[in-house]
Amino acid sequence: MFDAPLFKDAFTQLEQASEVMGLDPNILERLKYPKRALTVSVPIRLDDGTVKTFLGYRVQHNMTIGPGKGGIRYHPNVDLSETAALAMLMTFKCALVGLPLGGAKGGIQVDPNELSRQELQSLTRRYATEINSFIGPNVDIPAPDIGTDGQTMAWFLDTYSQLKGHTVSGIVTGKPISVGGSLGRAESTGKGVAYCVNFAAQKIGMKIGSNTAVVIHGFGKVGVPAAQDLKSQGAKIIAVSDVSGAVYNKDGLDIDACSKWCKERRFLKDIELPGTKLISNDELLALETDILIPAAIDGVVTAHNCKNVKAKIIAEGANGPLTKEAVTYLTEKGAFIIPDILCNAGGVIVSYFEWVQGLQNFFWDLDQINGKLHDILKDSFDTVIECQEEYNVDMKKAAFIAALKRLDRAMRLRGLFPS
Ligand code: GLU
């Protein structure tokens, strides 16, 4: 049942990390599969009057430390097994960065680019209705992920609130500011990636400045703010890509122009910018660069293409962009890999801030948010380095070990019900 490559990878990472750290097999046994999983039909009327049914999922992996937390993905590859893998990664991500939250994930198997705005609204509202009794502001709190955004969260919030008869602001995070969102949430994942790149650069003695080349695979919600942040520190963003292709300029791209182009015309393909060259995504991954940020989707750097990767720092902005074979090869080759559950945790950290602010109806300023985000990521980065040195493992396993230590403590204290 759980046969997606991402699930197998996460499962193997979990087993290997458990073995290295000597985790009690009875604790491991309880973390192997999701606590609960729900599959729903999401029928909607399309603009042409016909009805089409999509498959939707919500998976709660572990809720020992707190309510489930994790995004909702709209993508053609979504299925139960991939959603379960992503929910498991959320458990470890929240535990690693010390949030009082468990791991969950949801999604619909759909290509959102093929639906109109009205169809997307119907899809979101029907999905929210189908899963409404499974979630709650103290149970499981969704957020955006690939293919969803603030507007999706606003429709979701409205539907859930209509069903309850009053506004339940804590039901989702990643909301637009005007309906209870937090400052800094939209850029938080990319900002967190940029912070982690800085910690990694410091660790290996790389100075981020005008000679630092950065390549970004996936110029979207994570890639764009990461690019902007690193560019503001003087780095050269030499290539960026989306599903349609990649654009390259060895002297550095005009990131604002690229981002404007994508907003207006959706895809990077055919971009007209002086001095730039169109290349393929494979060529982009093989570019000579200091930093590579795969920020799109899982399974991008694999056993087949990892030998071409030349970057010194690889920052996993996406969830699972490097397969375990690629991690092993690139670590042996000397690359510094910032693991996904650390590198892209900025999103869920500021989601947590949004949830807390909403519960208190008291909102913080951007400096407070970014300051706390920085400090949490720095502490977590240092913890992963400590585990990496103590157990002499790659950074991915080290991050799993750090997360497992927190989970292990909490699971032991709470015990197994019934005892
Ligand atoms: N979808 C994001 C992730 O994979 C954010 C989840 C959240 O904010 O709950 O971490």
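These numbers come from the heavy atoms of this one structure, side chains and all, not from hydrogens, waters or symmetry mates. As the structure lists them, so they are numbered: ligands from 1, and atoms in each ligand from 1.
- Near G70, meaning under 4.0 Å from any of its heavy atoms, are these atoms of ligand 1: 9 (O).
- In this structure, the protein non-hydrogen atom closest to atom 9 (O) of ligand 1 is K69 NZ, 2.8 Å.
- Test I208, V215, T212 against D290 for side chain to side chain contact (heavy atoms under 4.5 Å, CB included) and you get one pass: T212.
- Among all protein heavy atoms, the one lying closest to atom 1 (N) of ligand 1 is D145 OD1, 2.8 Å.
- Between F199 and H374, a ring centre-to-centre spacing shorter than 6.0 Å is recorded.
- The protein heavy atom nearest to atom 7 (C) of ligand 1 is A143 CB, 3.3 Å.
- In the candidate list R73, K221, E354, K105, K105 is nearest to atom 4 (O) of ligand 1, counting heavy atoms.
- Less than 4.0 angstrom separates some heavy atom of M90 from each of these atoms of ligand 1: 3 (C), 4 (O), 6 (C), 10 (O).
- Atoms of ligand 1 found under 4.0 Å from any heavy atom of G347 (numbered from 1 in listed order, with element): 8 (O).
- Annotation: N344 places no N or O atom under 3.5 Å from an N or O atom of ligand 1; distance criterion only.
- Those atoms of ligand 1 with a heavy atom of N319 less than 4.0 angstrom away are 4 (O).
- Within 6.0 Å of CG in N392 there are 12 or fewer heavy atoms belonging to other residues, nucleotides or ligands.
- The side chain of R185, and not its backbone, has at least one atom closer than 4.0 Å to an atom of ligand 1 (non-hydrogen atoms only; side chain from C-beta on).
- With sequence neighbours excluded, no residue forms a side chain to side chain contact (heavy atoms under 4.5 Å, CB included) with D375.
- Taking the ring centre of Y329 as origin, the terminal cationic atom of K307 falls inside the region bounded by 6.0 Å and 45° from the ring axis.
- Residue D145 forms a side-chain hydrogen bond (donor to acceptor under 3.5 Å, both in side chains) with just one option from K221, R73, H75, and that option is R73.
- There is no side-chain donor-acceptor pair under 3.5 Å between S18 and E15.
- At a 4.0 Å heavy-atom cut-off, ligand 1 touches P144 through the backbone alone.
- Those atoms of ligand 1 with a heavy atom of S351 less than 4.0 angstrom away are 7 (C), 8 (O), 9 (O).
- A search for side chain to side chain contact (heavy atoms under 4.5 Å, CB included) contacts involving A403 returns F92, A95, L96, not counting sequence neighbours.
- Side-chain contact, N305 with D282: no donor N or O sits under 3.5 Å from an acceptor N or O.
- In summary, the atoms of ligand 1 found under 4.0 Å from a heavy atom of K93, numbered by their order in the structure, are 3 (C), 4 (O), 10 (O).
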